[in-house]
Amino acid sequence: MVVDHKRRRVVWAHDGYGKEVPGLFFRQPTDEQCASIKAVTGDGAKWIDASVKERPPNAGRVPDSFHIVSRMSDAPDQVRKRVRNQARRGNDKTATEAMRGVRYAVPKNPEDLTERQDTDPRGQPYRSWQLKELLGTLPHQPTGQAGAKLKRWIFRASHSRIPEIVESFTVPALPEPFNYQNSNSAYE
């Protein structure tokens, strides 16, 4: 599916997936029309990159904001599971028990926590949830501010020492989608 983000409409659609499908679209426009394409958004599949390298010449390859944010949505739960499993393997019953309600406790306001749900704000599950929430606000920022805020977010994420986050967000082109303010979520 090809979407014109400026006009907010689907321009072209075809059955299937893989490098051949975008290739079918990119053979249709003239060289001048291809040169006017500034960005190609998508979910990060490598076959999209291959199609964009062949044609259009001036387009930047941009993972769209919907897919970047959705990638982060699973991280807090992955962190919670890892920390709980580490506590179990270490036979630390107190830590294992403390991790039991963290999934529901982390997004709550501190004053709304029950005694059993009291979470450590310096703990990895809480910090991963904070990073997820902050990333979700970035696509809604004004274009001029989003780039700087995203760079700060990338710095915080890369220095968080939370493996699930550090490994997931080492994409050098990450700032691009927020400059274009494009998301494919409404069309998928």
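Counting heavy atoms from C-beta outward, W129 and V79 have side chains that stay 4.5 Å or more apart. Looking only at side-chain heavy atoms (C-beta outward), W12 and V21 come within less than 4.5 Å of each other. Proximity of R127 to I165: side-chain heavy atoms (C-beta onward) are nowhere separated by under 4.5 Å.
Distance alone, capped at 3.5 Å, places no donor-acceptor pair between the Q124 side chain and the S160 backbone.
Atoms NZ and CG, from K149 and L135 in turn, are 13.0 Å apart once rounded to the nearest 0.5 Å. From N91, atom CG reaches atom NZ of K93 across 7.0 Å, with rounding to the nearest 0.5 Å. Taking CZ of R27 as the start and SG of C34 as the end, the distance is 11.5 Å to the nearest 0.5 Å. Rounded to the nearest 0.5 angstrom, Y126 OH and L131 CG are separated by 11.0 Å.
Taking every heavy atom of both residues into account, H159 and F155 meet most closely at ND1-O, 2.9 Å. The shortest heavy-atom contact between A157 and V166 is O-CG2, 3.5 Å. Here the shortest heavy-atom pairing between S128 and P76 reads OG-CA, 3.3 Å.
Shown here is E32, whose CD atom has no more than 12 heavy atoms of other residues, nucleotides or ligands within 6.0 Å.
The side-chain hydrogen bond (donor to acceptor under 3.5 Å, both in side chains) with E164 is formed by just one residue from the set Q78, R80, R82; it is R82.
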